[in-house]
Amino acid sequence: MADLYYNRVKETFTHLQRIAPFYPDIVITLGTGLSELAEAVNKVQVTPYSEIPHFPISTVETHRGELIFGTLGGKRLVLLRGRFHYYEGYSAKDLSFPLRVLSQFKPKVYLVSNAAGGLNLSFKAGDLMLIKDHINLIPDNPLRGVNHEEWGPRFPDLSKAYDDDLRSLFKEIARAHQEEIKEGVYVAVPGPSLETPAETRFLRMIGADAVGMSTVPEVIVAIHSGIKVLGVSVIANVNDPDNFRPILFEEVVEVAQAAEKRLTNLIKSFLERLEL
Ligand code: HPA
């Protein structure tokens with residue numbers, strides 16, 4: 001069976017190899033309302049997604065589509081400014097295509113951020129949460145279908161999807177910045193409708209601390225590719241099933257934007273300290 005996906009990854013990687021100023025050590029994805037980090041990066045090259053062959057097209061206005069090669073904290077990185085979601089109609093495989101392509105550069109670390117709803121009632125809006133584990137409730141998996149052993153194993157182990165050492169370093173940085181940092185389990189739901197109170201109660205019962213509509217497919221691809229992952233959620237709202245308030249997307253974006261300066265500072269210090 002001809003694998004068109006495999007061919008597309010090869011073609012896009014060949015293109016990026018031609019235009020890339022360097023091989024990046026770190027890949028970063030920025031979530032909803034969290035694009036400020038892009039301003040802090042010393043940009044070497046900015047390419048709109050629309051100019052990259054086979055890249056998906058974002059249908060969400062809050063996500064600008066640009067691939068940015070640059071440096072921050074002395075590290076060579078590539079930033080995916082704007083991501084793709086299952087709710088836009090993409091399969092898990094298609095929405096994680098950019099990461100699959102970038103993994104061909106053999107980066108060491110994948111740093112992913114998102115805006116999420118808090119389920120743990122000790123959280124408050126604006127909190128930062130390090131992801132220590134996830135639950136995938138998106139009814140799809142990016143590795144479904146033909147497996148290419150050169151990309152990774154058929155049955156990748158996810159017992160330590162979120163790297164302990166990277167999390168420890170991030171916590172140390174947060175302490176030095178006197179920033180409180182939470183830690184918890186992220187559950188990915190398909191969206192785009194937000195949760196009902198009953199669903200919120202269910203998600204909490206199954207062990208999640210925060211809920212969102214992204215991240216997990218990309219993390220699975222990163223682990224499959226042997227890349228270490230650090231995930232951070234900005235808690236944009238807290239959903240209490242017994243005192244449920246409407247979840248307004250505008251509020252989500254606002255809170256994420258208010259938190260992003262803190263997150264940007266932490267990531268910058270983190271990259272400075274990171275030993276590759
Ligand atoms: N639910 C799902 N996704 C989200 C939320 C939420 O409450 N807040 C931000 N993204």
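As the structure is a prediction and not an experimental result, all values here were calculated from the model. Whatever order the structure lists ligands and atoms in, that order sets their numbers, starting from 1. Throughout, numbering of the chain's residues begins at 1 and tracks the sequence.
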Enquirer: Say whether, by atom type as modelled, one donor and one acceptor occur between the side chain of K261 and the main chain of E36 under 3.5 angstrom.
Expert: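 No, because the side chain of K261 does not come within donor-acceptor range (under 3.5 Å) of the backbone of E36.
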
Enquirer: Hydrogens and angles aside, do H224 and R100 bring a side-chain donor and acceptor to less than 3.5 Å of each other?
Expert: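 Yes, R100 and H224 have a side-chain donor paired with an acceptor closer than 3.5 Å.
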
Enquirer: Give the contacting part of V189 toward ligand 1: side chain, backbone, both or neither, where contact means a heavy-atom distance below 4.0 Å.
Expert: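 Neither part.
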
Enquirer: Go through the steps to decide whether D25 and K108 satisfy the test salt bridge (Lys or Arg N to Asp or Glu O under 4.0 Å), and finish with yes or no.
Expert: CA-CA 5 Å; D25 286 316; K108 307 220 169 38; 3.7 Å; yes

Enquirer: Which of the atoms of ligand 1 are close to V252, meaning less than 4.0 Å from one of its heavy atoms?
Expert: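 Those atoms are 8 (N), 9 (C).
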
Enquirer: What protein heavy atom sits nearest atom 5 (C) of ligand 1, and how far away is it?
Expert: G117 N, 3.4 Å

Enquirer: Just jot down the ligand 1 atoms closer than 4.0 angstrom to any heavy atom of N237, in number order.
Expert: 5 (C), 6 (C), 7 (O), 8 (N), 9 (C)

Enquirer: Please confirm whether K182 makes a cation-pi placement over F123, using NZ or CZ under 6.0 Å from the six-membered ring centre and within 45° of the ring normal.
Expert: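 No.
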
Enquirer: I need the atoms of ligand 1 closer than 4.0 Å to a non-hydrogen atom of A115, numbered in the order shown.
Expert: 9 (C), 10 (N)

Enquirer: I need the contact type for N114 against ligand 1. Using non-hydrogen atoms and a strict under-4.0 Å cut-off, is it side chain, backbone, both or neither?
Expert: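 Neither; nothing of N114 gets under 4.0 Å from ligand 1.
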
Enquirer: Using a strict cut-off of 4.0 Å, indicate which atoms of ligand 1 neighbour a heavy atom of G212.
Expert: 3 (N)

Enquirer: I would like to know whether D140 and K93 meet salt bridge (Lys or Arg N to Asp or Glu O under 4.0 Å); could you show each step before the answer?
Expert: CA-CA 8 Å; D140 197 3; K93 218 180 182 76; over 6 Å; no

Enquirer: Quick test: of every protein heavy atom, which one is nearest to atom 1 (N) of ligand 1, and how far off is it to 0.1 Å?
Expert: E195 OE1, 2.7 Å

Enquirer: Using 30° and 60° as the class boundaries, would you call the ring planes of Y49 and F84 parallel, tilted or perpendicular?
Expert: tilted

Enquirer: How far is atom 4 (C) of ligand 1 from its nearest protein heavy atom, and which residue and atom name does that atom have?
Expert: V211 O, 3.6 Å

Enquirer: If you count the atoms of ligand 1 from 1 in the order shown, which ones are under 4.0 Å from a heavy atom of I247?
Expert: 7 (O)

Enquirer: Is the side chain of R144 donor-acceptor paired with the backbone N or O of A92 at a distance under 3.5 Å, no angle test?
Expert: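 No, the answer is negative, given that no donor and acceptor are paired below the 3.5 Å cut-off.
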
